2 protein chains.
Amino acid sequence: MDETAPQKGTVTQRAIDRIKAMIGEGRLEPGQRLPTERDLAVQLGISRSSMREAIRALTVLGVLEARHGSGIYVTQLEAGDLLETFGVVADLSRGPQLVELLEVRRILESTATALAAARITSDQLAEVEKHLTAMNATEDPEVILAHDLAFHREIATAAGNETMAAILDGLSSRTFRARVWRGYQEEGAFARTRREHAAIHRALVARDPEAARAAAAAHVGEVEQWLRSQVVDEVR
Amino acid sequence: MDETAPQKGTVTQRAIDRIKAMIGEGRLEPGQRLPTERDLAVQLGISRSSMREAIRALTVLGVLEARHGSGIYVTQLEAGDLLETFGVVADLSRGPQLVELLEVRRILESTATALAAARITSDQLAEVEKHLTAMNATEDPEVILAHDLAFHREIATAAGNETMAAILDGLSSRTFRARVWRGYQEEGAFARTRREHAAIHRALVARDPEAARAAAAAHVGEVEQWLRSQVVDEVR
DNA sequence: ACCACCCGAGTGGTCGGACCACTATGGCTA
DNA sequence: TAGCCATAGTGGTCCGACCACTCGGGTGGT
């Protein structure tokens, strides 16, 4: 008879759903400050410990942000906030799943590059060129990797879809690429990578979407094929 | 001088990173059982409360799975486990971001459908047809939605990339589509949806990737355009 | 009147312990 | 031998205390 006790799942899970629902229904706006942990616990009729677990869960999901000594706030719920967790997938995937992930990236990256070719502004293009030259001016793998990431990041942003850019960012996270690169660049793929980047840049300058799509697909596809061959060799 | 105390961030965050690292380094295999919460807390030198928060965080990320009374286990780390959080993004996004998300889905869904046209087996095709007829045989929006989801799910699976299928699943989660459909289907889009599904099915039967890509892109694009017009009207 | 400083109330972060709910295993009983 | 069941061990929940940090208002000096 107690309508307040459907009792499904753990209390923490229920608290997570309650808060998610509040945000979904618009009762909590982005950037807004939540009641204190202690108050929230009382409101939902659970202990502060359980409430903290719920808050921690929503924090790692990029929905909430806890500031020590200040309070708990709803994030802006932008692509960057919510898709940060996507990096975890890339970091923990392995073997065949890594290849699949790279295939997804190839599809999105080629489309994003094609869109960028049609929409990129001269300012953005200048930024892309900056990373391209910086990338070619050093031999430090760390620096190269950083500019490589920024190179593609800038292009994805120029495509005009922040959500897609955020996903691609996750699919190219530092640890993910570092893992793949470790063996890849030992096969003299440096020069090839530079040629591919140059081809992408040319297509952008020419504002040729089809050429850009092809160049980007080939670029990611190279790594993808190499990885595919590596996975096959993993007999263990 | 104390090398055991780099002291970066909260202890809970450190615990999360430690466990993630253990899995990344292969010290924890998929399916393996972890030490008890109490033991883990001692090992990492933190309290059980903090350790529980870390475990809860990794649980919602789909990395760990806690079974009451039994223990904590590493998931299989498959696409489905890790990409479940993708649904949260779809559920909490709104306005322009929803359009961007649908654009991503259009890109992936069209490619997946094209791949499926080339690779789908007769068994899988029969399954697709089952959902297609079931979807056309009822007027119950709930049932239609369920079969619609399964229809696209089956196609994505036939494309041979489980990771992509899992992402598309998240991008088509129940609450996400229910929200969009609420107003969409009131404009007599039912008949159109059926025609589009039929077109996709025809392309699959004909094993025509290009036709399949076009049909899928048009299908998602329809909803996307409608949503785009709705967002523009939201003056608030 | 202004400003820099300081302090205390309020907040999230951490801890330890207690107890509850559930699972699984082994021995005991029929 | 088959089935039951007591029990140890596990995750789930709660409590209360204290720590670390933020922030705003009061205080003192200029």
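As the structure is a computational prediction, the values presented were derived from the model and not from experiment. Numbered from 1 within each chain, the chains take letters A, B, ... in sequence-line order.
Among the heavy atoms of the strands lying under 4.0 Å from R67(A) are primed sugar atoms or P, OP1, OP2 only; no base atom is included. Among the atoms of the strands shown, none is found under 4.0 Å from any heavy atom of I55(A). Backbone-only contact: T36(A) has heavy atoms under 4.0 Å from sugar-phosphate atoms and none from a base. Residue S50(A) is classed as a sugar-phosphate contact, given heavy-atom separations below 4.0 Å to backbone atoms only.
For dT13(D), the OP1/OP2 oxygens have a side-chain nitrogen or oxygen of T12(A) closer than 4.0 Å. Remark: S47(A) is in phosphate contact with dC14(D), judged by side-chain N or O atoms under 4.0 Å from OP1 or OP2. Contact annotation: R52(A) side-chain N/O to dG13(C) OP1/OP2 distance is under 4.0 Å. Between T10(B) and dG12(C) there is no side-chain N or O to OP1 or OP2 distance below 4.0 Å.
Atom pair L64(A):CG and dG13(C):P shows a separation of 11 Å (rounding to whole Å applied). At whole-Å resolution of the value, CD in E37(A) and P in dG16(D) are 16 Å apart. Summarising the geometry, the separation between CZ on R48(A) and C1' on dG12(D) is reported as 18 Å, rounded to the nearest angstrom. Separating the CD atom of Q13(A) from the C1' atom of dG12(D) is a distance of 13 Å, rounded to the nearest angstrom. We find that CZ of R33(B) is positioned 14 Å from P of dT23(C), with the value rounded to whole Å. Between the CD atom of E65(A) and the P atom of dT22(D) there is a distance of 13 Å, given to the nearest Å. As a whole-Å value, the separation of E53(B) CD from dG16(C) C1' is 15 Å. For the pair M51(A) CE and dG13(C) C1', the computed distance is 16 Å after rounding to whole Å.
Interface remark: the R38(A) side chain does form a donor-acceptor pair with the dG12(C) base, using a distance-only criterion of under 3.5 Å. The base of dC15(D) sits within donor-acceptor range of the side chain of S49(A), with an N or O pair under 3.5 Å.
Between E65(A) and R67(A) there is a salt bridge, since a side-chain N of the basic residue sits under 4.0 Å from a carboxylate O of the acidic one. Remark: K20(A) does not engage D91(B) in a salt bridge, criterion side-chain N to carboxylate O under 4.0 Å. Between R106(A) and E100(A) no salt bridge is recorded (no basic side-chain N to carboxylate O distance below 4.0 Å). Between R174(A) and E142(A) a salt bridge is recorded (basic side-chain N to carboxylate O distance below 4.0 Å).
H152(B) and H219(B) have their aromatic ring centers within a separation under 6.0 angstrom.
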